[in-house]
Amino acid sequence: RPDWANAAEGPIKVGIATDLTGPIAYAGNADANVAKMVIKQINAAGGLLGRPLELYIEDTASNESVAVGNVRKLIQRDKVDMVLGGITSSMRNAIKDPIVARGKTLYIYPQLYEGKECTANLFCTGPTPAQQCDEFIPWLIKNGGKKFALPSANYVWPHTLNVYARKVIESSGGEVVFEEYYPLDQVDFSATVNRIISNKVDVVFNTVIPPGVGPFFKQLYEAGFLKNGGRLACVYYDENTLNINQASEIEGLASCLDYFKALTKDDPVSAKIQAAYEKDFPGNFLFAAGSAATGTYRGLKLWEAAVKEAGKIDRDAVAAALDHAKIAEGPGGPAEMVPGKRHCRMKMYTAVARGGNYEIVGRSDGLVDPKEC
Amino acid sequence: MPLLEATGIVKVFGKLTALDGAALTIGENEFHGLIGPNGSGKSTLMKCVAGAEMPTQGKVTFINRDITLLSPTERARAGMSLKFQITSVLPTLTLYDNILLALQAQSSLFDLVFSRTRGVLHDQAMMMLSQFRLADRAHDAAAALSHGQQQWLEIAMALAARPRLLLLDEPTGGMSLEERRVTGELLQPIKQHCSLVIVEHDLDFIRDICDRLTVIDQGRVLASGTVAEIQANKSVQEIYLRRA
Amino acid sequence: MPEQTFLDIRHLEAGYGRSQVLFDVNIGIPWRGGVAVLGRNGAGKTTLMKAIVGELASSNGELFFDGRDITRRRTEERVRSGIGYVPQEHSVFARLSVRDNLAVGSLFNVDPTAVDRILTIFPKLGQRLDQPAGTLSGGERKMLAIGRAMLGNPKLLLLDEPTEGVWVGVIEEITERLIELAKQISIVIVEQHLDLALRLADYAYVLDRGRVALQGAAGEVRNDPELLRYLAP
Amino acid sequence: MASAFVAAFEILSFGAIIVLVVLGLGIIASMMGIFNFAQGEFVLLGAYVTYLAHSRGIPIWVGMAAAPFIVGGLGFVLEALIIRRFYAAPIVAMLGTYALGLIIRESVRGLIGGFYLTVPEPIGGSIDIGTMHISTWRFTIIVITLLVMGGCYLLLSRTSFGLRVRATLENPALARVSGISTPLIYGATFAFGAALAGLAGALIVPVFSLFADLGIRFLIQGFVAVMVGGVGSFIGPVAGAGLIGTLSAALPWVIAPVVADVLVFVLAIVFIKFRPQGLIAGKGV
Amino acid sequence: MGAAKQALRATVSRGPDVSMADSGLDRALPARLAAGRKVLPIVEGAVLIAALILPLVLQDYLTVFATRVIILALFALSFDLVWGYAGILSFGQALFFGSAGYGVALMARDLNITSIFLVLPAGTLIGLTTSLLLGGFLLLGRHPSSVIFVALGTLTGSYAADRLARGWYYLGGQNGIPSIPSMSLGSYDITEGPVYYYFALGTLVVVYLLCRFLVRSQFGLALAGLRENEQRIAFFGYKAQHLKAIVFAVGGTIAGLAGSLYAFHEGFVWPNMVGVVISTQVVLYVLFGGSGTLIGAVIGTVIIEGVSFWLSDNYRDIWPILLGVLLLLVILFRPLGLISYVLGERERVGSFGAGPKEKRNAAP
Ligand SMILES: Nc1ncnc2c1ncn2[C@@H]1O[C@H](COP(=O)(O)OP(=O)(O)OP(=O)(O)O)[C@@H](O)[C@H]1O
Ligand SMILES: Nc1ncnc2c1ncn2[C@@H]1O[C@H](COP(=O)(O)OP(=O)(O)OP(=O)(O)O)[C@@H](O)[C@H]1O
Ligand SMILES: [Mg+2]
Ligand SMILES: [Mg+2]
C-alpha cells in the first residue's frame with residue numbers, strides 16, 4: 001500500500017448508485033465493476049490528492065422509490081463526495097434531486113440518453129442524440145435507403161431522440177414513413193411489421209427496447225425484411241444486446257456508439273482497458289457502451305482529472321474544473337467536457353453486426369460535439 | 001287492504017317453470033302457513049316476495065305499495081324480514097354481533113358512525129339471545145353453533161329487524177318436537193305487530209300456530225284458506241298421499 | 001350394547017379447537033339394522049358422526065370398524081372401506097349438476113345400473129339432472145344427498161337428519177327404503193322424527209351435552225320417562 | 001387480400017400464445033379457486049429448462065418435451081409444501097404465490113445474469129406462400145395449442161379425473177366423505193396447471209427469447225382473460241384468452257398501439273361489469 | 001379469515017342459493033374469547049412510543065427514511081380499512097395515492113403552489129374524487145360485484161393510469177415529475193428531516209384514531225357484516241353497496257393524503273407511483289402485518305420496509321430473493337399476519353357487543 005500523504009483527512013468517498021438488481025441488472029453490474037476497476041487503478045497509482053479513494057455502491061434496483069432511499073444513504077450516511085450512476089432517464093430524474101439539490105453533491109450520469117439535462121452540478125458522460133445521429137443517419141441513407149420507419153418504445157428517450165433523428169433524416173434527404181410508439185412491454189409487433197413491409201421501408205431506425213425488441217426483430221426477419229435488403233439500425237445496441245436474437249435475425253444491424261469491442265483490434269488504449277476489465281471481471285457482464293460502462297469509465301476519469309486540477313474535493317471547485325476536464329485515454333479514444341455545457345465530446349463509431357459480432361464500418365473524424373445546453 | 005298481496009307470480013328458470021301464477025295474500029297480524037311437496041315452489045315464492053329472486057311475471061304489493069321491482073334492501077326497509085331455508089348467519093361474528101347487526105339495520109348512517117344506538121340496542125340484543133336460550137353463548141362465533149342452534153339464531157335475527165312481515169323458510173328444520181313447541185311459543189307474541197309467513201312440512205306445528213294456510217303444488221296454488229278448510233280439502237289430501 | 005359390533009366406538013372424545021364436545025362416548029353398532037342417535041340441539045350428534053367418518057380428529061378413544069382399528073385412518077380411506085355419510089348441511093356439491101353429484105357417488109361403484117335405481121327411488125331427481133345441485137329445493141337436495149351416499153354401496157350408512165325439510169309423503173318412502181336397506185347393512189341415523197327413527201332403529205342412544213345419557217333397545221328408550229327431558233331445549 | 005391473410009395469421013398466432021399461457025392459469029383458477037401469481041414463473045421455468053437443454057448441447061425439442069414434466073413435478077412438490085396451506089384463504093394464496101413467484105423469478109434472473117438470451121426454434125424459418133411469409137414456428141404453436149386444448153378438454157370431460165377435481169374444489173369435506181383423496185387431487189391439479197405453463201414457456205421462448213420477466217409479462221393479461229372468460233370452467237378462460245389475445249394483437253392494426261394497450265383492459269373490465277359471469281357461464285367442463 | 005372466505009364465495013357464486021350453500025364453516029374457532037385480555041391497545045401504545053422517540057436516536061438519513069415509512073404506513077392504513085374491514089380488495093390503491101401525488105406535483109410545478117394548507121387538501125380531494133368515480137363504477141349497480149372483480153377492476157384502473165402517466169408528456173412520461181419544491185408553511189419550508197417526520201407522524205396518528213373510531217363504531221359492525229356476507233346484510237336493510245362505496249372513498253381519501261405527503265417528501269413523482277408495483281406493495285404490507293387490525297398495517301409497513309432496507313444493504317445481490325423467502329415464510333406460518341403472534345382470533349375479528357360498562361362510555 002502506498003503511504004498516503006494526506007491520510008489524516010481520510011479517504012475520498014465515491015458513490016455509485018446503479019441497478020444491481022432488476023431487469024437491467026446486467027448493465028448496472030457492469031458499471032459497478034468498471035467503477036471498482038478504475039478506483040483500484042487510481043488507488044494503486046497513489047490515490048487522489050494524496051488520499052485514497054473509497055467506493056460506496058448502492059442498488060437502485062430499477063425501482064425509483066428504492067433508489068431514492070439508497071441514494072440518500074450515500075449522501076446522508078456515507079457523505080460521499082460524488083455520485084455516479086443511474087442508467088435510465090427516469091432513474092436519473094428520480095435521484096438527481098436528492099443528490100444535486102437536496103444533497104448538494106456532484107452527480108455524474110454515464111448513460112447515452114435523450115439530452116436536455118442541463119442541471120448545474122450534473123455532468124453527463126454518455127453520448128447524446130447529436131452524437132449518435134449526425135454521422136450515423138447519413139451513413140444509413142447511403143447504406144440502406146431513404147425510407148425510414150421509427151418504431152419506438154413509448155418513453156422519453158425515443159420521443160426526444162426521434163425528434164432529432166427526424167430532423168437529420170429529413171435534412172439528409174431521407175423520409176420518415178412512420179413514427180410509432182408502443183407500450184414498453186409490448187411483445188407482439190405484427191401490425192408494425194406489416195406496415196414496414198407493405199410500405200417498403202428501407203431502414204428501421206429502432207428504439208424499441210427489451211423485452212419487445214427481440215420478438216420485433218424476429219418477426220421482421222420472418223416477414224422477409226432482411227431478405228429484401230432492409231437495414232436495421234439501433235443506437236443502443238451493443239455487445240450485451242447482441243444475444244437477444246439469433247445472429248441471422250439481425251444480420252446487418254447497424255449501431256452508432258462511443259465504443260465497440262471490435263476497436264480493441266486497432267486501438268491499443270481500448271485494448272488495454274478491455275483487457276484489464278476482462279481480467280478482473282471475467283463473467284457475463286460485458287464492458288459495453290450501451291450499458292453505460294464506457295460512460296462510467298469516462299466519467300470517473302474526467303472527475304479524477306478535475307479533482308487533480310482543483311486540488312481539493314469540495315463540490316464547487318471540482319465542478320468548476322470538471323467543466324473543462326479532458327482525458328487523453330479512454331475507451332474509444334480521448335474525451336473532453338464542453339465548457340459550460342456539462343456534456344462530453346467523444347469519438348463515435350458506426351458498427352454493423354455480422355454473424356453475431358460487430359464490425360466497425362465508420363469512425364468520426366475527431367471528437368463529436370454533444371450539442372446540448 | 002291486505003298487508004301483502006302477491007298475484008300472478010311466474011318464475012321461470014331456464015326450461016323449468018317453478019312458479020306458474022302463484023298468489024299469496026297476507027292480512028295484518030296474520031300467521032300464514034305455506035305448505036306443499038318438495039320442489040313445489042314455496043321457497044321460490046318466498047324469495048320473490050323478499051326480493052332474492054325477481055319474478056318473471058306478476059306483481060307484489062306490500063303496505064299499499066308496488067314493490068315488485070324493489071331491491072331486497074328497500075323491501076327490508078319497508079318492513080320485511082326473511083330467514084332463508086339454508087342458514088346463513090355471519091360465521092366469524094359473535095352471536096351478539098349477529099343480533100346487533102340485525103337490530104341496528106335501520107339506523108341512520110350518522111347514528112351508526114357515532115354509535116348512538118348501541119346503548120339502547122344492547123338490552124334488546126341480550127333479551128333476544130336469552131329468549132332463544134343462546135345468552136350464555138353470546139360471545140361465541142356463530143360458526144361454532146350446531147345446526148339447530150343456528151336456526152334459532154337466524155330466527156332471532158329475522159325478528160330483530162322488527163319487521164311488519166316476517167318470512168320464515170323452514171325455521172324448525174332439525175329441531176325436536178319439544179324445540180318446535182318452544183319456537184312456536186316464541187313466535188306467538190309478535191302477532192300483535194307483525195304478520196308471518198312460514199314454510200313448514202310439519203303439519204302439526206303449522207296447525208298450532210297458523211290462522212290460514214296456502215298449499216302450493218307444481219308452482220300453482222292448490223288451495224288457500226283456514227286450517228280447517230284445508231284439512232277438509234280433497235285435492236290436498238290427495239297430494240299428501242302422492243310421492244315426490 | 002348389542003353383542004356383535006360392526007363399528008365399535010370406545011371412549012371417544014372429540015371437539016373443535018379447544019372446546020371439547022364429546023366426552024367418553026361408547027357406542028356399538030351391529031352388523032345389520034338401524035341405530036338411532038338422539039339428543040337436543042347442540043348435544044353433539046353431528047360431532048359424533050363427523051368423528052366416525054373422520055372429518056374431525058378424535059382427541060381420545062378408539063374406533064374399530066369391521067374388526068380393524070380405523071382411529072388413524074383418513075376420511076377417504078374410511079369411506080372406501082365401506083362407510084357412507086350424509087352430512088346435515090352442505091350435503092351436495094352445489095356447483096355440480098345433479099348428474100355429476102350422482103357420478104361422484106358412484107365413483108367407486110362398478111354397477112352401471114346403480115344410478116337408475118336411485119332415480120326410481122327419487123324420480124324428482126331424474127327431472128333435474130342438468131341443474132346445478134345448489135339450485136335444488138331443500139327437499140330435493142336431501143334426496144340427492146341420500147342417493148349419493150347410497151351409490152357408494154356402503155356397509156355402514158351414517159345419516160344426519162336425512163328427512164329435514166322433506167315432504168311427508170317422501171319421508172314415508174324414504175323410511176320404507178331404509179328399513180329395507182337395514183336388513184342388509186348397518187344404518188346409524190340422527191333424526192328428529194322420533195317415530196321414524198325408532199321404527200327404523202332397533203337400538204337407540206341419547207346424547208346429552210356430549211355424553212351418552214340413555215341407551216337401549218328402541219322400545220325401551222321410547223318409553224323411558226327421562227327421554228323427553230333430554231330432548232327438550 | 002394477402003395482407004389480410006397474414007394479418008389473420010399473426011393475430012391468431014398471438015391469440016394462440018395467450019391461450020397457451022392462460023390454460024394452466026385458468027385450470028388452477030377455475031378448479032382450485034386460486035389466482036396463482038407464480039404462474040408466470042412456471043412459464044419462465046419452462047423456458048429456462050429449454051434454454052438449459054440448448055446450452056448443454058441437448059437438442060431443443062428434447063428440452064421442450066422435458067419442460068412440462070419438470071415444471072409439473074416442481075408444481076406437485078410446491079403444492080404439497082406450500083400451496084396446500086392456502087386453500088381456505090384465496091387472497092392469502094395470491095400473496096403467497098406472489099412471494100413464490102418473486103423467489104423463482106429473482107433466482108432465475110441471477111442464474112441468467114439478467115440478460116436476454118436467444119433460444120432457436122426446433123423448426124425455424126418461414127413458410128412462403130407467394131409473396132407472403134408465415135413463421136413456421138408460430139404455425140407450429142397454433143397447432144400444438146389446439147392439440148393441447150383438445151387433450152385437456154377430453155381429460156376433464158371424459159375421465160373421472162375432471163369430476164374428482166371439480167368435486168374436490170367445490171367442497172373438499174364432502175369430496176372426502178365421498179371417498180375422494182383430496183390431497184392427491186389438489187396436487188395433481190396444481191401440477192397439471194404448472195405443467196401446462198411449463199409447456200407454454202418452452203414453446204414461446206424461441207419467439208420472445210429468455211429473460212427473467214418473460215412470464216410476468218403475461219400475468220395481468222392472463223388474469224383479465226380468465227375473468228372475461230368466466231371462472232369455474234375449463235372452456236371459459238380459454239375463450240377469454242383467445243379473445244384477449246386476438247384483441248390485443250388486432251387493435252394495434254387499427255389504432256395507436258399505446259391506446260390499444262390500455263383499451264383492451266378497459267374494454268375487458270366494462271365487459272365483466274355488465275356480464276360478471278363471463279363469456280361462458282361456468283357449467284360443465 | 002372472513003374476508004378471504006367471502007372472496008372465495010364471491011368468485012364462485014352463481015346465484016343466491018349456491019353461494020349460501022358454501023361449505024367449510026367447520027374450521028375450528030376458539031369457542032370463547034380469551035378472557036377479556038386486550039393486547040391491541042398495548043401494541044398500539046408501544047408502537048406510538050417507539051415512533052415518538054425514534055428521531056432522537058436515529059441518524060439523520062434514517063429519520064428521512066423513517067418519514068417515508070410513516071407515510072407509506074398511512075397509505076397502508078387506507079388499504080387496510082378497505083380490505084381488512086370492508087372486504088373490498090382494492091388491488092389498485094396506488095391509483096389514488098399516485099393521482100394525488102401527481103396532482104400536487106403539478107400544482108407545485110405549474111402553479112407554484114406549495115402551501116401546506118392548499119396542497120394537502122387538494123391531494124386529499126383528488127384521492128376522494130378518483131376513488132368515488134372508480135368505486136361508483138365498480139361497486140354500484142344491479143349485480144353485486146364480486147371481490148375478484150373489484151380486485152381486477154382496481155388493478156386495471158391502476159395499470160391503465162400507470163400506462164397513461166408513462167405515455168403522457170405533460171406528466172413527464174416515464175421520467176415523471178422531478179424536483180418538486182418543498183412544501184411550505186408560510187415562509188417556512190418543510191424539508192425532509194425531523195420536522196417532516198413529526199408532521200407525518202402526527203397525521204398518521206390523527207388518521208389512525210379516526211379510523212379506529214370508525215371501525216369500532218356500529219358502522220364498523222356493519223362493515224364486518226359486509227365483509228362476511230354482503231348479500232345477507234342487504235336483506236336486513238343495509239344499503240350494502242353504498243356502505244362499500246363510502247368506505248372505498250374514505251380509503252381513497254386517506255391514500256390521497258398519503259400520496260401528497262409522499263410526493264413532497266420524495267421530491268418527485270413517477271408512473272410507478274400510480275401503478276401496479278406500489279399497489280401490490282401495499283397489499284403486502286397489510287397482509288404481512290395482519291389485515292383487519294389497523295396496527296397490523298403499520299407494523300407490516302415498518303417491517304417490510306425496514307427489512308428490505310437492511311437486506312439491500314447487506315445482501316446486495318440476492319436481497320429480492322431473501323425478501324421473497326421471508327414473505328413466503330410469514331404468509332405460510334402466519335397467514336393472518338405478524339400481529340397474530342400476539343393477537344387472538346376473537347380480538348382480531350373484533351366484537352361490538354361491548355360489556356355494559358364499555359357500552360355506556362361509547363354512547364354519548
Ligand atoms: N336457480 C334455479 N335454477 C333452476 N331451478 C331452480 C332454481 N331454483 C329453484 N329451482 C327449481 O324450482 C323448483 C322449486 O324450488 P323451491 O326451492 O321453490 O321448492 P320448495 O317448494 O321450496 O321445495 P322444498 O320443500 O324442497 O324446499 C325446484 O324444483 C327447484 O329445483
Ligand atoms: N365448528 C365448531 N366450532 C366450535 N364448536 C362447535 C362447532 N360446531 C359445533 N360446535 C359445538 O359443539 C356442540 C355440538 O354440536 P353438534 O353440531 O354436534 O350438535 P348436534 O347435536 O348435531 O345439534 P343439532 O341438532 O342442532 O344439529 C354444540 O354446542 C356446538 O355449539
Ligand atoms: Mg324450500
Ligand atoms: Mg347436528
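Labels below follow one simple rule: chain letters A, B, ... track the order of the sequence lines, proteins then strands, and each chain is numbered from 1.
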Task: Region of Val119(D) that comes under 4.5 Å of a non-hydrogen atom in chain A - done: backbone
Task: Donor + acceptor pair across side chains of Glu10(D), Ser190(A) (<3.5 Å) - done: no
Task: For chain A, the option from Val254(D), Asp261(D), Val262(D) that forms the most heavy-atom pairs under 4.5 Å - done: Asp261(D)
Task: From Arg195(A) atom CZ to Trp253(D) atom CH2, the distance as rounded to the nearest 0.5 Å - done: 10.5 Å
Open item on the list: Out of Ser248(A), Gly212(A), Pro211(A), Ala27(A), return the one with the most heavy atom pairs under 4.5 angstrom to chain D.
Closed with: Pro211(A)
- [ ] Could you please spell out the steps behind the salt bridge (charged side-chain N to carboxylate O under 4.0 Å, His left out) verdict for Arg138(D) and Asp188(A)?
- [x] CA-CA 12 Å; Arg138(D) 281 181 177 244; Asp188(A) 182 73; 3.6 Å; yes
Open item on the list: Give me the atom names and distance for the closest heavy-atom approach of Phe208(D) to Pro215(A).
Closed with: CD2-CG, 3.4 Å
Open item on the list: Using modelled atom types and a 3.5 Å cut-off, is there a donor and acceptor pairing between side-chain atoms of Lys218(A) and backbone atoms of Pro206(D)?
Closed with: yes
TODO: Starting from the C-alpha separation in whole Å, work towards a yes-or-no answer on side-chain contact (heavy atoms from CB on, under 4.5 Å) for Asn240(A) and Phe115(D).
DONE: CA-CA 8 Å; Asn240(A) 269 330; Phe115(D) 288 100; 3.2 Å; yes
Task: Separation of Leu210(D) CG from Ile244(A) CD1 (nearest 0.5 Å) - done: 11.5 Å
Open item on the list: Quick check on Ala212(D) against chain A: is it the side chain, the backbone, both or neither that has a heavy atom closer than 4.5 Å?
Closed with: neither
Open item on the list: Which atoms of Phe285(A) are under 4.5 Å from chain D, going by heavy atoms: the side chain, the backbone, both sets, or neither?
Closed with: both
- [ ] Just give me the residue among Val213(A), Asn284(A), Asp185(A) that pairs up with chain D most often, heavy atom to heavy atom, under 4.5 Å.
- [x] Asp185(A)
TODO: Identify which of Glu106(D), Arg105(D), Glu121(D) forms the greatest number of heavy-atom pairs closer than 4.5 Å to chain A.
DONE: Glu121(D)
Task: Interatomic distance, Glu249(A) atom CD to Ser209(D) atom OG [nearest 0.5 angstrom] - done: 9.5 Å
Task: Winner by heavy-atom pair count (cut-off under 4.5 Å) against chain D, out of Pro183(A), Ala25(A), Ser198(A), Gly214(A) - done: Pro183(A)
Task: Most contacts with chain D, counted as non-hydrogen pairs under 4.5 angstrom, among Phe189(A), Tyr182(A), Tyr26(A), Tyr221(A) - done: Tyr26(A)
Task: Exceeds 12 heavy-atom contacts within 6.0 angstrom, atom CZ of Phe281(A) - done: yes
Open item on the list: I need the minimum non-hydrogen distance between Val258(D) and Asn154(A), along with the two atoms involved.
Closed with: CG1-ND2, 3.5 Å
Task: pair Val187(A)-Phe14(D): side-chain heavy atoms closer than 4.5 Å - done: yes
Task: Heavy-atom side-chain proximity of Pro257(D) to Glu180(A) below 4.5 angstrom - done: yes
Task: Nearest heavy-atom neighbours spanning Pro210(A) and Tyr116(D) - done: CB-CZ, 3.1 Å
Open item on the list: At a 4.5 Å cut-off on heavy atoms, which part of Gln221(D) comes close to chain A: side chain, backbone, both, or neither?
Closed with: neither
Open item on the list: Tell me whether the count of non-hydrogen atoms from other residues, nucleotides or ligands lying under 6.0 Å of NZ in Lys261(A) goes above 12.
Closed with: no
- [ ] Identify which part of Phe9(D) has an atom lying under 4.5 Å from any heavy atom of chain A, answering side chain, backbone, both or neither.
- [x] neither
Task: Heavy atoms of other groups near Tyr51(D) OH, more than 12 under 6.0 Å - done: no
